[in-house]
Amino acid sequence: MKTRSGTLHGVSVALLGFLYLPIVVVIVYSFNATRHGVAWSGFTLEWYRALLGNDLVLAAVRNTLWLAGASTLISTVLGTLLGCGLDRFRPAGRRWCGRLLQLPMVMPDIVMAVALVILFSLVRRWTGWFQLGMGTMVLAHVTLEIPFVAIVVRSRLAGFDSSLAEAAQDLGASRFQVFWWITFPLILPGILVGALLAFTLSLDDFVLSFFTTGPGASTLPIFIYSSVKRGITPEVNALSAIVIAFSIVAIVILTLLQRRWLR
Amino acid sequence: MSTPAVELRAVSKRFGEVRAVSEVSLSVQKGEFFSLLGPSGCGKSTLLRMIAGLEWPDSGVVCLGSTEMHATPAHLRPVNTVFQSYALFPHMNVETNIAFGLRMKRVPRGVREDRVARAMETVRIVELAGRRPSELSGGQRQRVALARAIVNEPEVLLLDEPLGALDLQLRKQLQVELKSVQRKLGMTFIHVTHDQEEALVLSDRIGLMQAGRLVQVDSAERIYERPRSRFAARFLGACNLVDAVVRARGPGGLQVETSFGLMNAAAAPSLALGEGARCTLAIRPERVEWGLGIEGERGNQFSAVVEERSYTGPRTHIWVRSGAGRFQIALPSHAANRAALGIGEEVLWRVPPESVVILED
Amino acid sequence: MRQAIGIWTLLLWSLCGTGRGEGRLNLFIWSEYIDPEVVAEFERQEDCRVVIDLYEDEAAMVAKLRSGGGGMYDVVVPPDHTVPGLRATGLIAPLRLENIPNLKNLRPKFRNPPFDPGNGYSVAYQWGTVGIYVRTSVVKAGASSWGVLFDPGLQPSKFALIDNPRDLIGAALNYRGHGLNSVDLGQLKEARDLIVAAKERCVGFDGSVGGKNKVLSRVADAAIVYSGEAARGMAEDPDTAFFIPKEGSQIWLDNLAVLAGAPHRDLAERFINFLLDPEIGARISNFTQCASPNLASTPFLKPDDLKNPVIYPPVEVMDRLEFLKDPGPRRKLYDELWTQIKTR
Amino acid sequence: MADCRTTAEQAEAGRHRCAVAIGAPAVLWLTVFFLIPLGMAAVASLLTAGGYGGIEPPVTAANYLRIAGQGTFGFAPVYPLILGRSLLLGLVTTVLCLAAGLPLAFWIARLPGMFKTIGLTLVVIPFWTNLLIRTYAWQILLSPEGWVTGVARWIGLVDPGAALYPGMFAVSLCMLCDFLPFMVLPLYVSVEKLDASLVEAAADLGANRWNVFRHAIVPQIRSGLAAGVTLVFLPATGQFVIPDLLGGGKTALLGNLIQQQFGPSMDWPFGSAIAMVTLAVVLLGLWVASLMGGKQGGAELL
């Protein structure tokens with residue numbers, strides 16, 4: 001029995017190590033002085049300095065955050081509303097909406113991306129709308145994010161005691177007041193988790209952005225991808241290390257916050 | 001007679017194929033403590049929710065005061081509810097919970113604080129003001145829920161099994177307090193419960209419900225002493241139900257024949273039972289007299305054999321067989337002990353005619 | 001309802017925010033193909049902002065324009081053989097040559113090219129060749145054939161292929177002794193099989209810049225690159241060399257063109273004129289290490305570059321070079337062939 | 001009392017209308033930017049590519065025939081091969097993730113209190129870091145001078161100077177690394193709720209370890225298994241970035257094929273046809289998963 005759990009320990013720690021191998025290697029190599037290739041030739045902060053002076057990177061950071069912020073805002077509003085309304089749909093509507101939400105979550109993003117490209121180019125031909133750029137990227141990202149937000153909010157709502165809403169109504173709160181004073185504060189943690197998920201999805205997305213991007217609307221993943229394609233890696237290492245550091249800090253904060261909320 | 005606080009006229013509600021409430025008419029007077037009593041699933045909570053506006057009747061009229069309100073949404077009705085689960089808002093402390101209703105009605109801050117303080121005093125929870133509901137015990141939550149409702153000074157306070165989740169001792173204590181709060185405020189209380197004892201203790205009047213119908217509305221005493229149906233007789237405490245056939249009508253009542261023998265019953269004059277009609281008698285066990293003291297009397301007197309006895313503290317229940325029937329008698333325990341009734345002994349028992357109730361079904 | 005209005009406002013607002021601001025030039029260009037200093041100077045001179053997006057191969061560029069439409073960018077830099085297609089699909093606009101007086105600076109042979117008579121739609125930017133860039137310590141000296149990539153006997157253990165349909169298929173056709181522009185099914189199949197066989201052993205498909213960097217980082221020891229990349233790479237690492245295979249290869253000419261729906265057409269034409277300035281033109285070539293089509297720039301070019309055979313091949317090499325042509329309707333052959341190559 | 005009935009109905013209808021009203025913008029959005037585009041792609045897949053790209057009339061099944069192998073260059077089973085390869089790689093990834101995810105999920109679920117949170121956070125961190133970065137990192141790890149290659153060389157698995165990438169091995173390894181958290185998280189949720197006494201009872205009854213797993217554990221974690229498999233298999237099948245960066249053009253999957261058509265090859269109708277095939281695979285996968293996981297199957301991750 002003892003050896004068996006020992007093996008489990010060993011295997012699991014090794015697997016965790018495996019998960020962290022890429023993260024560690026990127027951070028380590030971001031300090032490598034070699035310009036081309038991966039041979040170690042000394043410690044340097046040169047690449048971080050180069051990043052700060054690189055306008056393309058700064059613009060990509062700005063675009064990425066703007067895109068993530070705007071798409072998160074829209075998808076959180078829409079997704080939350082849908083998550084709230086979904087359980088009060090008629091059964092058939094609920095079933096179909098469930099499927100409509102599930103599909104974008106598991107569908108390879110490239111299918112969604114090319115379908116959007118077709119839509120955009122056809123509509124553009126007739127109306128001139130949907131010039132590729134930030135606008136179309138926001139549209140694409142919102143489409144990806146809505147189902148995630150809606151499902152998170154809905155699951156939070158499932159744990160919501162409906163007698164609270166009735167009690168509030170009974171105490172003189174109109175439907176809107178019930179939502180604003182009772183339902184909303186109670187599902188707020190769920191909404192925030194959904195919004196954070198949406199934000200991360202947007203930061204993480206490469207494929208949708210790649211297909212719907214336009215002039216001057218390059219994001220960090222697009223920048224990283226094209227740099228990797230071109231074989232320019234030291235700056236990418238430094239950039240990736242920064243992105244990873246941000247993600248880790250964000251998750252740790254989120255985990256701590258969530259523990260407090262759940263209490 | 002002044003306008004009733006609540007009046008229901010032929011109110012019905014069905015959920016799918018289930019008739020939850022059918023054709024209920026009822027009026028509750030101002031200042032009255034009224035209980036809706038019935039087994040679970042009898043429609044009493046639905047009826048209460050229709051008064052609160054949380055359900056809409058399929059048909060019928062709900063009047064609050066003199067206004068028809070069946071189409072008014074819950075938040076515009078001058079009633080408040082204490083929910084069975086209390087439904088305290090977990091993200092607010094006790095004080096904000098209580099102030100919620102006043103805030104929704106935009107009562108000015110100063111007045112609001114005054115009234116909240118008074119309500120907390122009334123239910124004696126002043127020291128809990130800053131706590132969250134999750135930090136309260138069951139009894140404390142119940143008080144908060146009560147305060148949250150009465151602070152709005154509703155015309156009618158609805159209580160949906162308010163004490164159901166508490167243990168027996170606490171329940172008894174809170175029953176007393178609930179009654180005293182109601183007397184102090186002079187508010188109309190409509191209270192839903194499945195606990196007959198609670199209903200008897202608290203209520204001025206009780207409405208007994210069965211399968212969506214209101215079967216009897218009477219004062220607590222009358223509903224216990226004068227049940228109108230087998231259901232009413234059985235639901236409120238133990239009762240002997242005896243099949244009988246009417247043999248004769250006299251000026252003071254009926255003479256009926258039972259499996260024990262002939263029995264006199266003081267029947268209400270309205271009861272239209274002819275000779276030969278079948279009926280059911282209800283006789284409360286504690287109304288039965290027995291033993292030495294009654295020997296000299298005539299009528300309604302039978303002999304029986306003790307079959308079983310059980311001691312329950314203040315009373316001792318004795319089951320006797322008399323003729324073809326089995327019968328329950330409840331005696332104060334001290335009397336039973338004095339009589340030293342052993343199983344198998346023969347005893348005499350008697351029912352005063354005024355204690356024999358002839359049921360309508 | 002309020003929410004709905006808010007959402008649609010947001011949506012419209014985000015649709016409008018696609019960068020149609022005045023004083024902004026959207027440039028779509030090959031990576032590492034323009035001196036950032038030159039761009040900065042134009043920004044100063046015109047008090048505008050130049051927004052640059054990059055591509056690694058012209059097929060991707062054309063594809064992006066097809067999906068994004070002619071209003072995406074102001075200036076693009078298509079190679080010779082793509083100009084007719086862009087014209088036919090209405091993606092590029094006729095140039096108003098009166099706005100581009102510096103056109104006169106171009107060498108006569110780069111004016112009025114066969115793919116765009118009279119410079120109606122494009123003007124020359126840079127030219128160069130396609131060849132093999134190798135690490136000399138690994139690839140045997142004297143290798144001078146496409147066989148370095150296609151012949152298992154000559155292949156180094158690590159080599160990269162170019163991620164560009166016409167360039168790669170053209171190389172394979174040349175190796176087999178066919179013309180660059182063959183549309184013969186048999187010849188194309190032959191080229192396809194050659195490439196698919198080579199692909200099994202290669203370290204990947206890369207753009208010209210990527211290929212150069214792979215050789216520099218020793219991930220690959222040979223790669224197909226353009227002459228400009230090779231010249232720059234050789235300056236960085238003397239252990240590398242570039243040659244144009246003896247079977248023949250490609251000469252190319254990249255051009256400046258204005259998109260049909262360009263949001264800033266005047267600025268775009270001023271930009272083109274600016275790039276044709278003798279001194280600016282020289283600075284660009286000094287940066288890209290490609291050959292300059294600008295006659296007036298010659299005095300400003302680095303003398304070493306002018307003598308560099310990698311950048312300006314000697315006449316006998318020039319004789320082996322051929323321009324790609326637009327295959328017209330037959331280009332679907334290339335598309336399908338490329339799909340098969342990449343996905344086999 | 002007709003007016004009463006209408007009140008009840010009105011209230012019900014009002015509630016429903018309100019729900020529809022607040023749900024409508026999102027549903028509308030998904031319809032306009034998800035369903036309609038998919039419909040357009042479906043239509044496009046039946047049309048013909050123009051000379052310079054574009055979508056042009058004659059309605060044809062040629063694109064689907066081409067997927068089946070019949071193209072301009074005669075019969076060449078490239079595309080069925082890719083479809084097969086995508087499914088195979090999806091399957092391999094799923095099996096690898098299951099093999100690695102199960103022990104990890106059990107291990108985390110059995111950690112005491114505080115460590116459980118830490119363990120879970122450790123799995124979640126890679127899940128939230130950029131997939132592109134993690135994929136690119138494998139380029140470094142598997143290059144000739146990379147750490148993993150170094151270890152492999154030391155063991156004697158590869159020759160000096162050779163690299164472990166590009167190729168199928170690199171792609172599978174990276175897929176495993178990238179998708180493992182998607183498997184562990186839903187599995188963990190199920191394993192956490194696992195009724196330990198049932199497992200112990202089964203072990204007491206003398207069931208051997210495989211039987212305990214098969215009959216006592218699997219039925220209890222079915223919904224987690226279904227969710228994990230769905231979340232790994234379906235996106236893995238359509239992956240585009242990982243084979244693109246680590247496959248060196250040798251391991252094209254459906255995703256790469258689609259990108260190819262909407263990129264350099266500019267054959268949108270053919271690309272749409274492949275997208276439709278991918279969609280069919282996804283729908284089939286969802287259906288299988290819903291059979292597997294009972295009512296809660298599908299993608300109930302969060």
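The shown structure was predicted, so the numbers you read here are calculated from the model rather than taken from an experiment. Every chain is numbered from 1, with letters handed out A, B, ... down the list of sequences.
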Mutual orientation of the aromatic rings belonging to [X] and [Y] [parallel < 30°, tilted 30-60°, perpendicular > 60°]:
{"X": "Phe240(D)", "Y": "Phe210(A)", "answer": "tilted"}
{"X": "Phe33(D)", "Y": "Phe130(A)", "answer": "perpendicular"}
{"X": "His9(A)", "Y": "Trp107(D)", "answer": "perpendicular"}

(request) Starting at CG of Leu19(A), measure out to CZ of Phe127(D) and round the result to the nearest 0.5 Å. (result)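 That separation rounds to 12.0 Å.
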(message) Quick check against the 3.5 Å criterion: does Tyr136(D) have a side-chain atom that pairs as donor or acceptor with the backbone of Val26(A)?
(response)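 No, Tyr136(D) side chain to Val26(A) backbone: no donor-acceptor pair under 3.5 Å.
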(request) Look at the side chain of Asp204(A) and the backbone N and O of Leu131(D), then say whether any donor-acceptor pair between them is shorter than 3.5 Å. (result)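 The answer is yes, because a donor-acceptor pair under 3.5 Å joins these two groups.
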(request) May I ask you to name which of Ile258(D), Ile274(D), Asp178(D) has the most heavy-atom pairs under 4.5 Å with chain A? (result)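 Answer, by heavy-atom pair count under 4.5 Å with chain A: Ile258(D).
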(request) Find the one option among Leu30(D), Val20(D), Leu38(D) whose heavy-atom pairs under 4.5 Å with chain A are most numerous. (result)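 Looking at each of Leu30(D), Val20(D), Leu38(D) in turn, Leu30(D) comes out on top.
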Contacting region of [X] [heavy-atom separation from chain A under 4.5 Å]:
{"X": "Thr117(D)", "value": "side chain"}
{"X": "Ile36(D)", "value": "side chain"}
{"X": "Gln239(D)", "value": "neither"}

(request) Name the member of Asp87(A), Leu103(A), Val207(A), Leu122(A) that forms the most heavy-atom pairs with chain D at distances under 4.5 Å. (result)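 Looking at each of Asp87(A), Leu103(A), Val207(A), Leu122(A) in turn, Leu103(A) comes out on top.
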(request) Count the heavy-atom pairs under 4.5 Å between each of Leu101(A), Leu86(A), Leu220(A), Val117(A) and chain D, then report the option with the highest count. (result)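 When all of Leu101(A), Leu86(A), Leu220(A), Val117(A) are compared, Val117(A) has the most.
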(request) Under 4.5 Å heavy-atom distance to chain D, tell me which part of Arg90(A) shows up: side chain, backbone, both or neither. (result)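 Both parts, backbone and side chain.
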(request) Output, in order, the C-alpha distance, side-chain angles, deciding distance and verdict of ring-ring contact (aromatic ring centres under 6.0 Å, His included) for Phe18(A) and Trp138(D). (result) CA-CA 11 Å; Phe18(A) 172 67; Trp138(D) 281 102; 5.6 Å; yes
